[in-house]
Structures are given as C-alpha cells and as structure tokens.
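Residue numbers start from 1 in every chain, and the chains themselves are labelled A, B, ... in the order their sequence lines are given, proteins ahead of strands.
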Amino acid sequence: MSNYDLGQTLASGQCFRWNCVDGVWTGVLGRHWLKLEHAVSGIIVHAAEPVADFGFVEDFLRLGEDLESVLLSFPDDPPMRAAVASCRGLRLLRQEPWECLASFILSATKQIVQIRQIVALLCERFGDPVTVPPGEPSAWTFPSADRLAGLAESDLRACKMGFRAPYLLAVARAIATGRFDLEAIRGLSLAEARTRLVTLPGVGPKIADCVLLFAYGFQVAFPIDVWIIKALKQLYFPKRRVSQKQLHHFAATHFGPHAGYAQQYLFHYMRTSHRQRDTKTTASRT
DNA sequence: CTCCAGGCGCCTT
DNA sequence: AAGGCGCATGGA
C-alpha cells in the first residue's frame, strides 16, 4: 500500500503512544500489544497474543479509507499542494475516544515529546500490563476512566501533568459516574458534539475538535492551535495583518468536506519543514 | 538565567 | 464580547 505511511501517520501528533525502532512501530491497542511494519504487499501486523479478528486494527488505521479522494477534495492551492507533497501517505487514525480525550487534555501547553512522557507515565502507573513478546519493553493499557476516577489528584500530579491533573480527574469522574456519556457523542451533529464536549473542564474548542476529528471521525472538525495559526498566516496571508476572527472564518470555509484532514497535512507539514529549517541553521552555525 | 510549549478558565474592560 | 494572565513542568 504505497499511499499509506505509518511513520508520517503515527508520528504526526495525533496519537502519543506508538514507538518506532528501525522502521518497525510498536504500541498498544485496547489490550493488545501490536507491531506494525511496511512490506511490499502492504502493512504487516503482529500481535503478542493470538487475535481472532484484526478488524480493530483496520478500524484504527482506517485502512478502508480512500486517501486519493480525500486529497482530491483539498483546495487546489500552492500551500496544500506543498503540504500534500511533503506528507505523502499521512493518514488520520480512528482512536478510542477516552484515550484521545484524556491525552489531549494533557496536551495543553506541552510539546509533543512531553505529552508522550506524561501519557507513558500515566499508563505505566495506572494501566494494566499487557503481554509483550520476549525481549520487548513492558507495555500497558491506557487506564480506564473508572481507574483514574478512583485516584487522588496527587496521584495524577505525580505523573508530571501539573495543572492539568484536576481537569483529567474531573473528566474521568464525570465519565465514570455516567454523568457524561462519550458514546452519546457519536449520534450528534458536529456543532452539538462540540457544545457537549466543551462543557467538560479543561476541554475548550481546540481539544474538543481534536477528539471530534481523531476519535469520532468528524471530517470537518478543524483543530486550531498555535501551529495552524502560524501555518495559515505564513502560507495564506504572508505579510498581512489578519485577525483571529478572519483566520477562524477562513479555516471554517476554505478547506472543504475533509477540512480536518487538510488541517493534519498543514500541521505536519509546518512542523516537519520547521524542524528541517532549524536543523539546517544549527548545522550551518557549527 | 529567561522563554515558551498542539490551551483553558477566570478575571478584567 | 473580547483581551490579558496565571497555571506546572521541563527543555532549549
């Protein structure tokens, strides 16, 4: 499958628990430890324990999605062409809502490396151990809302999440008690779903849109963060003064029926090209 | 040392 | 309604 790139996808900041060694990706999905790698025939999936049905992996990777039609729906302008060219094979995943929501509550004002560290600590301390093949590092499930709901705020702060701890705890308890139903989000319109999610403490428009896009599959959800602001300004409004309101309106109207996908391409393009520029300037200085 | 990182909530105008 | 500021923590 030449138009699916595991590396672009699993390292594009939409999930935080997959690791790569020599082109081989390992991670935990539900209670299963998995290994993913590219082969000439497609993507090979290995599990640590016997799996009757790999459908849950297909769902997670969205293997059935027709990427070409998504790319064709993007606006045909220079920034999108550049982003598509530099992110070949980048896909959106379909993640489990609770893990996605909890992870993005922890993402506020943190760099992706740090988010990964916090999530790893949380799983190691409060997740259940899963079976891994001999020689592989230990791995854990993502702790359930029930599990976190029973903890003290100090237990969460010990995972280095700082002021985000009370938010995560309150959301875990809202879900554990049934006061908030994550499954009920599925049947709602985008606007209703967003309105519902932002009632949760620590969840604003940006985090809500991340969960709507990365977990629930709302294709037009368009998370707006500092990177996207930077990308839109630099790529679409160079050397022009643009208000936040104008940027939001542009984001909501310019990118078509798969706007969220376009957002992920711009986000990843911005981050990777930015890093290359940094590496170059650093290298030329030394 | 200072600055800032995939924001959000709360307190000012 | 819109704008400013504090919040924990760690890396550059």
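- Straight-line distance from the NZ atom of K245(A) to the P atom of dG3(C): 10 Å, rounded to whole Å.
- Note on Q244(A): nothing from the nucleic acid sits closer than 4.0 angstrom, heavy atoms only.
- Atom-to-atom, CD1 of I207(A) to C1' of dG9(B) comes out at 12 Å; the value is rounded to the nearest Å.
- At whole-Å resolution of the value, CZ in R157(A) and C1' in dC7(C) are 9 Å apart.
- Base pairing of dT13(B): its partner is dA1(C), meeting the Watson-Crick or G-U wobble criterion (both donor-acceptor distances under 3.5 Å).
- We find that CD1 of I228(A) is positioned 15 Å from P of dA5(B), with the value rounded to whole Å.
- Taking the nucleotide of DNA chain B with the nearest heavy atom to each of I115(A) and L200(A), the more 5' of the two is matched to I115(A).
- For K110(A), counting side-chain heavy atoms from C-beta on, the closest listed nucleotide (dC7(C), dG6(B), dT9(C)) is dT9(C).
- Distance from the side chain of K206(A) is smallest for dC8(B) among the nucleotides dA8(C), dC8(B), dT9(C).
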Q8(A) vs H268(A), test: side chain to side chain donor-acceptor pair (under 3.5 Å). Steps then yes/no.
CA-CA 8 Å; Q8(A) 299 267 21; H268(A) 195 53; 2.9 Å; yes
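- Of the candidates dG6(B), dG9(B), dG10(C), dG9(B) carries the atom nearest the Y167(A) side chain, counting heavy atoms from C-beta on.
- Spacing between dA8(C) and dC10(B) at atom P, rounded to whole Å, works out to 14 Å.
- Other members of the hydrophobic cluster containing W33(A), listed by chain and number, are V28(A), V130(A), V132(A); membership follows side-chain contacts under 4.5 Å among ILVMFWY residues, whether direct or relayed.
- Listed nucleotides: dG6(B), dC8(B), dA8(C). Nearest to the side chain of P205(A): dC8(B).
- Stacking of the aromatic ring of W227(A) onto the base of dG6(B) is not found under the criterion of centres within 5.5 Å and planes under 30°.
- V203(A) comes within contact range of the sugar-phosphate backbone alone, with a heavy-atom separation under 4.0 Å but no base atom that close.
- In this structure, a donor-acceptor pair under 3.5 Å is absent between the side chains of D5(A) and H38(A).
- The same atom, P, is picked in dC3(B) and in dC5(C); the two are 14 Å apart, to the nearest Å.
- L121(A) places its CG atom 12 Å from the P atom of dT9(C), with the value rounded to the nearest Å.
- Comparing dG11(C), dA8(C), dG6(B) by their closest approach to the side chain of P223(A) singles out dG6(B).
- For Q117(A) and dG11(C), a side-chain-to-base donor-acceptor distance below 3.5 Å is absent, hydrogens and geometry of angles not being considered.
- For R164(A) and dC8(B), the shortest distance from a side-chain N or O to OP1 or OP2 is not below 4.0 Å.
- Taking only side-chain atoms of A108(A), from C-beta outward, the nucleotide of dG7(B), dG6(B), dG10(C) with the closest atom is dG7(B).
- A salt bridge links R17(A) to E99(A): at least one charged side-chain nitrogen sits closer than 4.0 Å to a carboxylate oxygen.
- Summarising the geometry, the separation between NZ on K160(A) and C1' on dT9(C) is reported as 8 Å, rounded to the nearest angstrom.
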Would you please test T195(A) and E192(A) for side chain to side chain donor-acceptor pair (under 3.5 Å) and show each step?
CA-CA 5 Å; T195(A) 301; E192(A) 289 171 330; over 6 Å; no
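- Annotation for H46(A): atom NE2 counts as buried by contact number, over 12 foreign heavy atoms lying within 6.0 Å.
- In this structure, CZ of F267(A) is placed 9 Å from P of dG7(B), rounded to the nearest angstrom.
- Distance Q114(A) CD to dC7(C) P: 19 Å, rounded to the nearest Å.
- Straight-line distance between the P atoms of dG4(C) and dC4(B): roughly 15 Å, to the nearest whole Å.
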